[in-house]
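Just below is one structure, and these are the notes that go with it.
Counting begins at 1 with the first residue of the sequence.
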Amino acid sequence: MCWRSAGSLGGFSKGQGLVLSGEDRKAFRTMNFVARLLYLKEPLDRTSGAPFGGEEDYDLFWPSYAEELISRRNNDKEKKPEAATHQDTYGKEQEPLENSSLGRCQPPNQLEQLKDYGEENGLQGSSKTWEIKVREHRVELLNDSPSPVGPSKGRTHRQPSSSKLIRLEDINRAAIQIQRGVQITPCTYSRLSKKYGMELYMKKEYLQYTGSVKDRGVLCLLASLHQDQQRKGVIVASDSNFSMAVAYHASELQIPAFVIMPTNTSVARVRMCRDYGAVVITFGGSAKDSQNHAQQLAQKNEYLYLEEEDSFQYLSGLGTMGLEIFRQVPNLDAVVFPAGGLCGLLAGSAAALKQLNPQISVIGVQPESFPVLQHSLRMGQPIDGGSHMFYRDLSEPCSGKNTLQLVGQLVDKIVSVTEEDILIAMLRLLEYERATVDAEGAIGLAAIVAGKLPEFKGKRVAVALCSGNLSLNLLQQCIQRALTLDSRICKFSLWMGDGTGDISKLLEILDREAVRVLDIQKEHGFVTSKLFTTKVTCVAETRDKQQATQLRSALLERYPTLEWLLQ
């Protein structure tokens, strides 16, 4: 191979290059093809003489680089600058996407879903904003249009004239929009499967930053706000998971956030919201007082007053959890969700799952004491179910008519469970999954614990553990109550003589039955009791219900006055 250079080999410039023979030129092109394929990973559909980079990317291996560069510059001068266009998967020409990050940020498993839309992500001013452009609408949307939420002093969405279905493309778009601020939580096979005769998979959504699935909907909602409204700020009035998610994600998006909470809110929850970055104000003795105060502040200062309702953006964000479950667990037979008054997760995820596979059963589980969703469906409109500290969102008023219509169309079954079932489910999750969840997070498993879903025996079922925000004091009470319901802790009292050997005989029985004494108290009787008698109250730990029953029988044989107490 003979090299003939137009200049010295040590100093090439853009006006100089290698002068090669025909065979040498062909060999260098082959070398360039191999180098690009193995190392630079450039596309293989280049034409001869086309440069790989911009004007500053000089390529020694490409023979006609200089001629091509001069030709390109002349053409650019003759043509007027035009807006760049791109084509989607179907080859349809679309409008330009400025600062598009779609190609570098999407996860590999979402490529199949991105067919007729693109993403724009940019930093405008001091606030992060996202804008999505959709070209096709094959089904009627939940709202009239998924346009970003504009400045408003009221709620965050417009009431639509009709509501049909959230498209799968909308949920995929929401998944891309929130992927920088919300993690993909694991959905793992559970050891509880053998205990209940199902292939159980636990979707551990309580691992989100604020401890609940609300992160998904809130981030999608905040990211859809116009820049002007992002600059003015948002305000919310509650001590729920929704408020905590607003506090955190608004701070991350550099949106001023104000949270109004009742004065009886726990100190830990107030401190948590402040740590997330929101301005927290305690006002009023009830949730209604806080809401009225927040609405007044919103009108005076042009804040956007946010409520947890069924806006298009919010439901699409929540629906991304159903999308993840479908991708993480193959051959699903059913998915179990909480079904309280605020059932946006149930509606949004059902929309995703039913469009991906209509054969998947979507089950909603509501508390027996607060059947808000079931009554709302029966009445055909949202109803107020009150509020409860243990159930929280499950006992709140129903979200809205859009959510009700989606639930009525897509959810296969709604079952009710008792408070005892929920407590046992919380105990099972703590023991088997090391998962500390609240009532909303455990209610899905409670339906399986209570035997309310026998048709799924031997089937593959995913359970949404969607919330884990439980105060330490309430957690302690729930554990103690659950252990008692599960016959793991028993409490009894009896009367015995006050002699020195009477108490030792009781301890001998407890030792023989192999139970562990947690607490024992001795109390002397007074006027109404017999002389020379003592009341003894004991708390003992047992293995299971069988051992507790055996202990009770052994005590009754010696102490007819036995009182078996339930905490």
Side-chain angles (χ1 to χ4, degrees), residues 109 183-208 211-213 215-216 318 320-339 345-346 349-350 352-353 356-357 359-367 394 412-413 415 417-470 475 478-479 482-483 485-488 543-545:
N109 59 1
Q183 63 173 317
I184 298 177
T185 54
C187 189
T188 57
Y189 181 79
S190 174
R191 290 186 296 142
L192 289 167
S193 301
K194 296 181 180 179
K195 188 174 183 66
Y196 296 107
M198 304 178 186
E199 290 188 57
L200 294 176
Y201 290 82
M202 301 298 168
K203 179 61 173 173
K204 300 178 179 178
E205 200 66 17
Y206 62 90
L207 296 177
Q208 294 293 353
S212 82
V213 70
D215 284 23
R216 297 176 180 271
L318 292 176
T320 59
M321 195 185 81
L323 195 66
E324 286 183 13
I325 293 176
F326 181 83
R327 291 169 177 167
Q328 292 170 324
V329 184
N331 304 320
L332 264 176
D333 293 302
V335 185
V336 185
F337 296 96
L345 173 63
L346 176 63
S349 294
L353 291 167
L356 289 166
N357 183 0
Q359 302 303 318
I360 296 177
S361 297
V362 178
I363 310 298
V365 186
Q366 65 180 359
L394 296 173
D412 298 280
K413 185 178 181 180
V415 299
V417 294
T418 64
E419 180 179 308
E420 290 77 12
D421 297 330
I422 297 175
L423 291 170
I424 293 295
M426 293 172 64
L427 181 62
R428 296 285 183 267
L429 289 169
L430 188 60
E431 285 187 307
Y432 286 81
E433 294 292 329
R434 304 297 185 264
T436 305
V437 298
D438 52 21
E440 187 179 3
I443 196 170
L445 181 62
I448 298 173
V449 170
K452 296 296 182 71
L453 303 174
E455 64 271 26
F456 296 111
K457 289 287 185 180
K459 300 295 183 64
R460 184 168 291 191
V461 180
V463 180
L465 311 181
C466 57
S467 177
N469 290 320
L470 196 63
L475 174 62
C478 290
I479 292 176
L483 288 171
L485 292 170
D486 202 32
S487 299
R488 307 274 291 280
R543 290 189 303 270
D544 49 29
K545 187 175 183 179

Identify the two heavy atoms, one from Val329 and one from Cys187, that lie closest to each other, and give their separation to 0.1 Å. CG2-SG, 3.6 Å
Euclidean distance, Glu440 CD relative to Leu470 CG, rounded to 0.5 Å: 12.0 Å
I'd like to know if the side chain of Ser467 and the backbone of Gly441 have a donor-acceptor N/O pair within less than 3.5 Å. no
Rounded to the nearest 0.5 Å, what separation is found between the CZ atom of Arg216 and the OG1 atom of Thr185? 5.0 Å
Quick one: does Met198's side chain get under 4.5 Å of Asp333's, heavy atoms only? no
Search all heavy atoms of Leu323 against all heavy atoms of Ala352 and return the closest pair with its distance. N-CB, 4.1 Å
Flag side-chain contact, heavy atom, 4.5 Å: Met202 against Tyr432: no
pair Val336-Phe456: side-chain heavy atoms closer than 4.5 Å: no
Evaluate side chain to side chain contact (heavy atoms under 4.5 Å, CB included) for Arg327 paired with Ile184, printing each intermediate quantity in order. CA-CA 11 Å; Arg327 291 169 177 167; Ile184 298 177; over 6 Å; no
Out of curiosity, Leu332 CG to Lys459 NZ, how far, rounded to the nearest 0.5 Å? 12.0 Å
Is the shortest heavy-atom distance from the side chain of Glu433 to the side chain of Ser190 under 4.5 Å? yes
Can you confirm whether Gln183 sits close enough to Gln208 that some side-chain heavy atom of one is under 4.5 Å from a side-chain heavy atom of the other? yes
Mind running side chain to side chain contact (heavy atoms under 4.5 Å, CB included) on Ser349 and Val335 for me, showing each step along the way? CA-CA 9 Å; Ser349 294; Val335 185; over 6 Å; no
Does the side chain of Tyr206 reach to within under 4.5 Å of the side chain of Leu429, using non-hydrogen atoms? no
What distance do Asp421 atom CG and Leu445 atom CG have between them, rounded to the nearest 0.5 Å? 10.0 Å
When you measure from the side chain of Lys203 to the backbone of Thr188, do you find a donor-acceptor pair of N or O atoms at a distance under 3.5 Å? no
Heavy-atom closest pair, residues Ala350 and Val362: CB-CG1, 3.9 Å
Identify the heavy atoms of Ala425 and Ala442 that sit nearest to each other, and give their distance. CB-O, 3.5 Å
Just wondering, do Met426 and Leu430 contact through their side chains at under 4.5 Å, heavy atoms? no
Closest heavy-atom contact between Asn469 and Ser212? ND2-CB, 4.2 Å
Applied to residues 189-202, the salt bridge (charged side-chain N to carboxylate O under 4.0 Å, His left out) test, sequence neighbours excluded, yields Glu199-Arg460
Would you please name every residue forming a side-chain hydrogen bond (donor to acceptor under 3.5 Å, both in side chains) with Tyr201, sequence neighbours left out? none
Please find the pair of heavy atoms, one from Asp412 and one from Ser361, that lie closest to each other, and give the distance. OD2-CA, 3.2 Å
Distance from Phe337 atom CZ to Ile363 atom CD1, nearest 0.5 Å? 10.0 Å
Sorted by chain and number, sequence neighbours left out, side-chain hydrogen bond (donor to acceptor under 3.5 Å, both in side chains) with Glu455 holds for Lys413
Rounded to the nearest 0.5 angstrom, the CD1-CG distance for Ile422 and Leu485 is 12.0 Å
Are any non-hydrogen side-chain atoms of Pro367 and Ile443 less than 4.5 angstrom apart? yes
